[in-house]
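Here is the structure we will look at, set down as structure tokens.
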Amino acid sequence: MVNTFSDIGVYVVGILGILFLFAVLLRFLLQLGRADFYNPISQGVVKVTNPLLLPLRKVVPGLFGVDMASVVLALIVGWAMIMACAMIAGYGLVNPLSALLWSLIGCVSTVIAMVFVGLLVSIVASWIAPNSGHPILILLHQLLEPFCGPVRRMIPPLGVIDISPIFVFILLTVINRLLIGFAQMANMPAFVYSLFWHVPGF
């Protein structure tokens with residue numbers, strides 16, 4: 001019975017933690033892609049993250065146009081999620097520095113998964129509803145541009161077919177495999193690894 005309650009506790013904390021982490025990382029990607037902050041989805045993300053992000057921005061300045069406050073907040077959220085779930089699951093107090101490293105690995109893994117899934121959705125949408133002006137698809141294109149744009153400049157489209165997503169998929173898969181190896185080197189427990197999002201199939 002105790003194990004059941006601890007499993008439920010880990011599940012609830014993990015779900016709430018990863019949802020808020022998703023919002024923070026999405027806020028980071030919105031800024032990175034210079035996305036439209038007047039988009040309804042952008043406004044929702046801003047409202048959710050502002051209570052913690054705005055105070056943090058007073059002490060964590062941006063760097064080369066990158067919203068470092070969002071990065072720091074994401075690491076803190078991942079760290080808190082790991083520490084809380086470890087206590088609830090009965091693992092005791094985890095080394096805070098190890099948890100911070102695991103949080104970094106988990107955040108990078110989550111960003112990779114977000115971009116990977118976003119690319120899949122974008123490709124399917126381009127087949128089903130090409131040239132759609134839906135706010136979600138417009139925002140998705142803006143979020144993916146920092147990843148696809150550099151590849152597109154090196155590998156131009158074949159006629160009307162944009163093949164840059166193929167190479168982005170390959171790059172994301174390679175990075176994800178390296179990240180898994182790094183997680184093993186960092187002795188990242190399986191239950192901690194499972195708290196974060198991953199590329200489908202990994």
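Just so you know, residue 1 is the first one in the sequence shown, and it goes up from there.
A distance of 12.5 Å separates CG in Leu29 from CD in Gln142, rounded to the nearest 0.5 Å. Interatomic distance, Ile15 CD1 to Leu19 CG, rounded to the nearest 0.5 Å: 6.0 Å. Taking CG from Leu32 and CG from Leu143, the interatomic distance works out to 9.0 Å, rounded to the nearest 0.5 Å. Rounding to the nearest 0.5 angstrom, the gap separating the CE atom in Met83 from the CD1 atom in Ile88 is 12.0 Å. Between the CG atom in Leu171 and the CD1 atom in Ile112 there is a gap of 8.5 Å [rounded to 0.5 Å]. Of the inter-residue distances, the one linking Ile82 atom CD1 with Asn95 atom CG reads 11.5 Å to the nearest 0.5 angstrom.
In terms of heavy atoms, Gly118 sits closest to Leu140 at O-CD2, 3.5 Å. When every heavy atom of Ala69 is checked against every heavy atom of Arg57, the shortest pair comes out as CB-CG, 3.4 Å. Considering all non-hydrogen atoms of both residues, Ala113 and Val199 come closest at CB-N, 3.8 Å. Considering every non-hydrogen atom in both Pro165 and Leu119, the closest pair reads CB-CD2, 4.2 Å. Closest approach of Leu30 to Ser42, counting heavy atoms only: CD2-OG, 3.7 Å. The minimum heavy-atom distance linking Ser103 with Ala74 is given by the pair OG-O, 4.1 Å.
Counting heavy atoms of neighbouring residues, nucleotides and ligands inside a 6.0 Å radius, atom CZ of Phe191 exceeds 12 of them. By the neighbour-count criterion of 12 heavy atoms within 6.0 Å, atom OH of Tyr11 is sparsely surrounded, having that number or fewer from other residues, nucleotides or ligands.
With contacts defined as side-chain heavy-atom distances shorter than 4.5 Å, the pair Met81/Phe196 qualifies. No side-chain heavy atom of Asn176 sits under 4.5 Å from any side-chain heavy atom of Phe116. Under the 4.5 Å side-chain criterion, counting only non-hydrogen atoms from C-beta, Trp79 is not in contact with Leu101. Contact annotation: the side chain of Leu53 approaches that of Asp67 to within less than 4.5 Å [non-hydrogen atoms, C-beta and beyond]. A heavy-atom distance below 4.5 Å is not found between the side chains of Val24 and Phe28. Side-chain contact check for Phe167 versus Met154: every heavy-atom pair is 4.5 Å or farther apart. Within the 4.5 Å cutoff, no side-chain heavy atoms of Ile18 are placed close to those of Leu195. Residues Leu104 and Leu100 are not in side-chain contact: their nearest non-hydrogen atoms beyond the backbone lie 4.5 Å or more apart.
In this structure, Leu97 is not a member of the same hydrophobic cluster as Tyr91, with clusters built from ILVMFWY side-chain heavy atoms closer than 4.5 Å. Following chains of ILVMFWY side-chain contacts shorter than 4.5 Å, one cannot reach Leu54 starting from Leu56, and the two form parts of different hydrophobic clusters. No continuous path of ILVMFWY side-chain contacts below 4.5 Å connects Tyr38 to Ile136, so the two sit in separate hydrophobic clusters. Note on Leu93: it clusters hydrophobically with Val192, by side-chain heavy-atom contacts below 4.5 Å among ILVMFWY residues. Follow the hydrophobic side-chain contacts under 4.5 Å out from Trp127 and you reach Val117 in the same cluster.
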Where do His141 and Leu137 land on the side-chain contact (heavy atoms from CB on, under 4.5 Å) test, with the steps shown first?
-> CA-CA 6 Å; His141 174 74; Leu137 296 180; over 6 Å; no

Stepwise, does the side-chain contact (heavy atoms from CB on, under 4.5 Å) test hold for Ile180 with Gln184?
-> CA-CA 6 Å; Ile180 292 174; Gln184 294 172 344; 4.1 Å; yes

Test log, rule side-chain contact (heavy atoms from CB on, under 4.5 Å), inputs Ser164 and Ile155 = CA-CA 7 Å; Ser164 62; Ile155 306 174; over 6 Å; no

Dump the intermediate steps for side-chain contact (heavy atoms from CB on, under 4.5 Å) on Phe20 and Leu52, then the final yes or no.
-> CA-CA 11 Å; Phe20 187 69; Leu52 293 180; 3.7 Å; yes

Ser70 and Arg27: CA distance, side-chain angles, deciding distance, side chain to side chain donor-acceptor pair (under 3.5 Å) verdict | CA-CA 7 Å; Ser70 294; Arg27 178 73 179 265; 5.4 Å; no

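With hydrogens and angles disregarded, a donor-acceptor distance shorter than 3.5 Å links the side chain of Thr173 to the backbone of Phe169. A donor-acceptor pair is defined here as one N or O able to donate and one able to accept, closer than 3.5 Å; such a pair exists between the side chain of Trp102 and the backbone of Ala186.
The only option from Val12, Val94, Val13 that meets the side-chain contact (heavy atoms from CB on, under 4.5 Å) definition with Cys85 turns out to be Val13.
Between Arg34 and Glu145, none of the side-chain N atoms (NZ, or NE/NH1/NH2) sits under 4.0 Å from a carboxylate O, so this pair counts as no salt bridge.
Under the side-chain hydrogen bond (donor to acceptor under 3.5 Å, both in side chains) criterion, Thr110 pairs with no residue, sequence neighbours left out.
The six-membered or imidazole ring of Trp197 lies near that of Phe22, with a centre-to-centre distance under 6.0 Å.
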